[in-house]
Participant: 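Handing you this structure, nothing more for now.
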Amino acid sequence: MSGPDPARNRVLLLNGPNLNLLGERDPEHYSSATLADVERRVTELGKELGVSVTCAQSNHEGVLVEHVHGARGMLGIVLNPGAFAHYSIALRDAVEAVDTPCVEVHISNVHARESFRHTSVTAPVTQGYISGCGITGYELGLRAVLRSTTERFGGAPSS
Ligand code: DQA
């Protein structure tokens, strides 16, 4: 006898390269919060919203691709691809392939920075995109991914 699928209640919080250095890396752009702070805040918000948050970070493109594959069947993905947003077609294709709603988050306002950061190859295959809201962007991302799931499956979105 099979029980309820635990993946159905899970959201993946996935951070890409160099985001393990949050707190010490360029605090003017990325604040002084650490990755552990981000993961704690999103996990706590998840509890309030009734979802379990699985956290992962990698500096390696293929590992990120595999984490995205692992999110098949989950409620959603909150993804900060880091610099891979700007050029990783492999990560883009993974997000597109899994059909799990994904919201892309950038801590800094990438559009107010160098021109090479203005393009995201991943954003077109996500449900939404948040940039420049600091680490609060991750919490907004969780709310947005859940809302997009509700809308996608036809429920009434909570305001
Ligand atoms: C970032 C923006 C990217 O351009 C950069 O390469 C990062 C962090 C952000 O969160 O603002 O690593 O994704």
Side-chain angles (χ1 to χ4, degrees), residues 10-49 51-72 74-149 151-152:
R10 285 216 320 266
V11 170
L12 175 65
L13 169 64
L14 183 59
N15 276 284
N18 301 307
L19 292 161
N20 55 313
L21 299 182
L22 279 182
E24 56 183 275
R25 172 191 180 204
D26 192 357
E28 225 170 273
H29 280 118
Y30 303 124
S31 93
S32 55
T34 64
L35 181 59
D37 295 330
V38 168
E39 292 179 341
R40 190 169 44 247
R41 278 173 61 163
V42 178
T43 301
E44 275 168 16
L45 178 61
K47 277 188 198 144
E48 276 171 42
L49 300 175
V51 295
S52 152
V53 177
T54 300
C55 302
Q57 185 276 331
S58 178
N59 296 317
H60 303 281
E61 187 178 26
V63 175
L64 291 167
V65 166
E66 282 169 1
H67 277 299
V68 170
H69 293 174
R72 271 176 292 178
M74 288 194 196
L75 277 178
I77 306 169
V78 177
L79 171 66
N80 185 343
F84 284 139
H86 312 309
Y87 68 93
S88 173
I89 305 301
L91 190 55
R92 179 213 182 276
D93 284 353
V95 171
E96 187 175 39
V98 296
D99 201 30
T100 303
C102 177
V103 170
E104 179 166 328
V105 173
H106 294 281
I107 300 166
S108 63
N109 180 354
V110 286
H111 298 283
R113 300 180 63 192
E114 304 94 323
S115 58
F116 65 83
R117 296 186 203 275
H118 298 177
T119 300
S120 170
V121 298
T122 42
V125 293
T126 64
Q127 307 292 305
Y129 178 88
I130 296 164
S131 175
C133 297
I135 64 162
T136 301
Y138 288 100
E139 290 164 292
L140 298 173
L142 178 61
R143 289 185 185 279
V145 90
L146 294 178
R147 187 178 172 106
S148 106
T149 302
E151 287 172 358
R152 204 165 95 119

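We count ligands from 1, going down the list as the structure has it; atoms in each ligand are counted the same way. Numbers here simply count residues along the sequence, with the first being 1.
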Participant: Within the side chain of Glu104, is there an N or O that forms a donor-acceptor pair under 3.5 Å with the backbone of Ala123?
Facilitator: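 Checked: pair present.
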Participant: For ligand 1, indicate whether the residue Arg117 contacts it via side chain, backbone, both or neither (heavy-atom separation under 4.0 Å).
Facilitator: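 Just the side chain.
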Participant: Counting non-hydrogen protein atoms only, what is the nearest one to atom 13 (O) of ligand 1? Give residue, atom name and distance.
Facilitator: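 I find the closest protein heavy atom is His106 ND1, 2.7 Å.
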Participant: Quick test: of every protein heavy atom, which one is nearest to atom 11 (O) of ligand 1, and how far off is it to 0.1 Å?
Facilitator: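 The protein heavy atom lying closest is Ser108 OG, 2.6 Å.
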Participant: Are the side chains of Leu142 and Val11 in touch, meaning some heavy atoms are under 4.5 Å apart?
Facilitator: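 SC-SC contact between Leu142 and Val11 confirmed.
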Participant: Should we say atom CD of Glu28 is surrounded by more than 12 heavy atoms from elsewhere, each under 6.0 Å from it?
Facilitator: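 It does not: Glu28 CD has 12 such atoms or fewer within range.
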Participant: Measuring from non-hydrogen atoms of Arg25 to any atom of ligand 1, is the shortest distance under 4.0 Å?
Facilitator: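 It does; at least one heavy atom falls under 4.0 Å.
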Participant: Compare all side-chain heavy atoms of Leu22 with those of Ile107 and state whether any distance is below 4.5 angstrom.
Facilitator: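 Contact flag for Leu22/Ile107 side chains = yes.
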Participant: Quick check against the 3.5 Å criterion: does Arg72 have a side-chain atom that pairs as donor or acceptor with the backbone of His69?
Facilitator: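 Here the side-chain-to-backbone pair exists.
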Participant: Taking the non-hydrogen atoms of Asn80, is any one of them nearer than 4.0 angstrom to ligand 1?
Facilitator: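 It does, in that a heavy atom of Asn80 comes within the 4.0 Å cut-off of ligand 1.
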Participant: Classify the contact between His86 and ligand 1 as side chain, backbone, both or neither, using a heavy-atom distance cut-off of under 4.0 Å.
Facilitator: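 For His86, only side-chain atoms sit under 4.0 Å from ligand 1.
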Participant: Classify the contact between Ile107 and ligand 1 as side chain, backbone, both or neither, using a heavy-atom distance cut-off of under 4.0 Å.
Facilitator: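 Under 4.0 Å from ligand 1, Ile107 contributes backbone and side-chain atoms.
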Participant: Side chains of Asp37 and Thr34: closer than 4.5 Å at any heavy-atom pair?
Facilitator: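 Sidechains of Thr34 and Asp37: in contact.
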Participant: Within a strict 4.5 Å, meaning less than it, do heavy atoms of the Tyr138 and Val53 side chains meet?
Facilitator: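 No - every pair of side-chain heavy atoms lies 4.5 Å or more apart.
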Participant: Of the side chain and backbone of Val110, name the one, both, or neither that has a heavy atom under 4.0 Å from an atom of ligand 1.
Facilitator: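 Just the side chain.
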Participant: Heavy-atom distances under 4.0 Å decide this one: backbone, side chain, both or neither, for Glu114 against ligand 1?
Facilitator: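 No part of Glu114 is near ligand 1 at this cut-off.
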